[in-house]
Amino acid sequence: MAKLLIVYYSQSGNTEAMAKAVYEGALSSGATVSLKKAAKATSNDLLDCDAVILGTPNYFSYMAGAMKDFFDRSLHAVRGKVDNKPYAAFSSAGGGGKRALDSIDSVCNSFNLKKAFEGVVATGKPSSEVLEKCKELGGKLAQL
Ligand SMILES: Cc1cc2nc3c(=O)[nH]c(=O)nc-3n(C[C@H](O)[C@H](O)[C@H](O)COP(=O)(O)O)c2cc1C
């Protein structure tokens with residue numbers, strides 16, 4: 001059974017709604033899933049999963065600081081131990097655009113994580129279509 005980790009940050013709930021949809025999708029595909037806010041997530045969580053899904057709002061065309069902090073706190077402990085571990089990401093933005101996702105890709109590249117699927121981007125409150133895509137993303141990661 002796949003063990004998935006979802007790490008996300010959300011201030012006004014949009015990214016959190018996406019995270020919960022990813023969680024539901026992964027659970028219903030039979031995975032064991034840990035859903036963690038970035039401030040509570042640790043390097044051990046990253047070591048202890050088969051795949052990770054990262055969710056962030058777009059802040060100034062970058063990931064939220066709390067997500068960056070999670071990566072900053074984790075690098076030394078996981079370097080060389082998570083090579084090619086699959087990841088995917090999702091993001092919520094006020095005006096659209098995927099630059100926050102690009103920033104996640106860039107950092108995941110430094111961790112040698114392997115992008116498994118294209119990310120999901122929402123503008124504002126996630127629509128039912130976006131939430132469905134998030135569920136699918138969780139389901140696909142669970143079946144890797
Ligand atoms: C500090 C801050 C910076 C933001 N910068 C951007 C931005 O550069 N581009 C954009 O499209 N939205 C920007 N937004 C809007 C958020 O990305 C958007 O409201 C998002 O849905 C918030 O997600 P949340 O509800 O999970 O907190 C910003 C919001 C905040 C609070």
Side-chain angles (χ1 to χ4, degrees), residues 1-79 82 85-144:
M1 184 187 294
K3 202 167 174 184
L4 294 194
L5 171 67
I6 302 168
V7 181
Y8 74 98
Y9 175 78
S10 183
Q11 196 172 164
S12 51
N14 295 331
T15 315
E16 183 159 63
M18 297 171 82
K20 287 181 174 168
V22 171
Y23 178 80
E24 274 177 38
L27 263 194
S28 61
S29 292
T32 300
V33 197
S34 176
L35 178 67
K36 291 221 165 179
K37 292 188 177 169
K40 301 274 184 198
T42 67
S43 53
N44 279 338
D45 295 320
L46 200 47
L47 291 171
D48 191 37
C49 66
D50 298 314
V52 58
I53 314 179
L54 302 144
T56 185
N58 180 335
Y59 279 1
F60 313 115
S61 302
Y62 200 79
M63 73 182 83
M67 291 299 293
K68 175 70 164 34
D69 173 66
F70 164 66
F71 286 120
D72 293 352
R73 285 184 283 110
S74 301
L75 180 65
H76 287 311
V78 309
R79 196 195 282 274
V82 293
K85 190 171 282 200
Y87 82 92
F90 55 93
S91 175
S92 171
K98 59 181 274 295
R99 286 178 61 189
L101 279 191
D102 294 341
S103 71
I104 296 253
D105 283 344
S106 170
V107 172
C108 286
N109 190 42
S110 296
F111 277 67
N112 272 340
L113 296 167
K114 184 178 75 185
K115 186 170 179 169
F117 299 105
E118 284 306 313
V120 178
V121 184
T123 301
K125 188 170 186 285
S127 63
S128 52
E129 275 173 17
V130 163
L131 294 176
E132 198 49 46
K133 280 188 189 166
C134 291
K135 274 188 198 171
E136 281 170 19
L137 186 64
K140 287 193 288 189
L141 262 290
Q143 286 164 31
L144 276 183

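Residues: numbered from 1 along the sequence shown. All of these numbers come straight from a predicted model, not from anything done at the bench. Order of appearance sets the numbers: ligands from 1, and atoms from 1 within every ligand.
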Shortest protein heavy-atom distance from [atom], along with the residue and atom involved:
atom: atom 20 (C) of ligand 1; result: S92 OG, 3.4 Å
atom: atom 13 (C) of ligand 1; result: N58 O, 3.1 Å
atom: atom 11 (O) of ligand 1; result: G95 N, 2.8 Å
atom: atom 5 (N) of ligand 1; result: F60 N, 2.9 Å

Nearest-option assignment for atom 12 (N) of ligand 1, heavy atoms, candidates P57, A19, G94, G55: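 Among P57, A19, G94, G55, the closest heavy atom to atom 12 (N) of ligand 1 comes from G94.
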
Y62 side chain to D102 side chain, donor-acceptor N/O pair below 3.5 angstrom: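 Note: Y62 and D102 side chains miss the donor-acceptor criterion.
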
Value rounded to 0.5 Å, distance of OH in Y8 from CD1 in I6: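 One finds 9.0 Å between OH of Y8 and CD1 of I6.
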
Straight-line distance of Y87 OH to L4 CG, nearest 0.5 Å: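 Those atoms lie 15.5 Å apart.
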
So, [X] side chain and [Y] main chain: donor-acceptor pair closer than 3.5 Å or not?
X: S29; Y: A26; answer: no
X: D45; Y: T42; answer: yes
X: S103; Y: M63; answer: yes
X: K115; Y: N109; answer: no

So, is [X] polar-close to ligand 1, with some N/O to N/O distance under 3.5 Å?
X: Y59; answer: no
X: Y9; answer: no
X: E16; answer: no
X: G124; answer: no

Ligand-side contact atoms (ligand 1) for residue partner [X], heavy atom cut-off under 4.0 Å:
X: T15; answer: 23 (O), 24 (P), 26 (O)
X: Q11; answer: 24 (P), 26 (O), 27 (O)
X: S10; answer: 24 (P), 25 (O), 26 (O), 27 (O)
X: S12; answer: 22 (C), 24 (P), 25 (O), 27 (O)

Ligand 1 contacted by G97 (non-hydrogen, < 4.0 Å):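 G97: no contact with ligand 1 (<4.0 Å).
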
Min side-chain heavy-atom separation S92-M18 under 4.5 Å: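 With C-beta onward as the side chain, the pair touches.
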
Nearest non-hydrogen partners of A100 and S91, listed with the distance: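 Smallest heavy-atom distance, with atoms named: CB-OG, 3.6 Å.
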
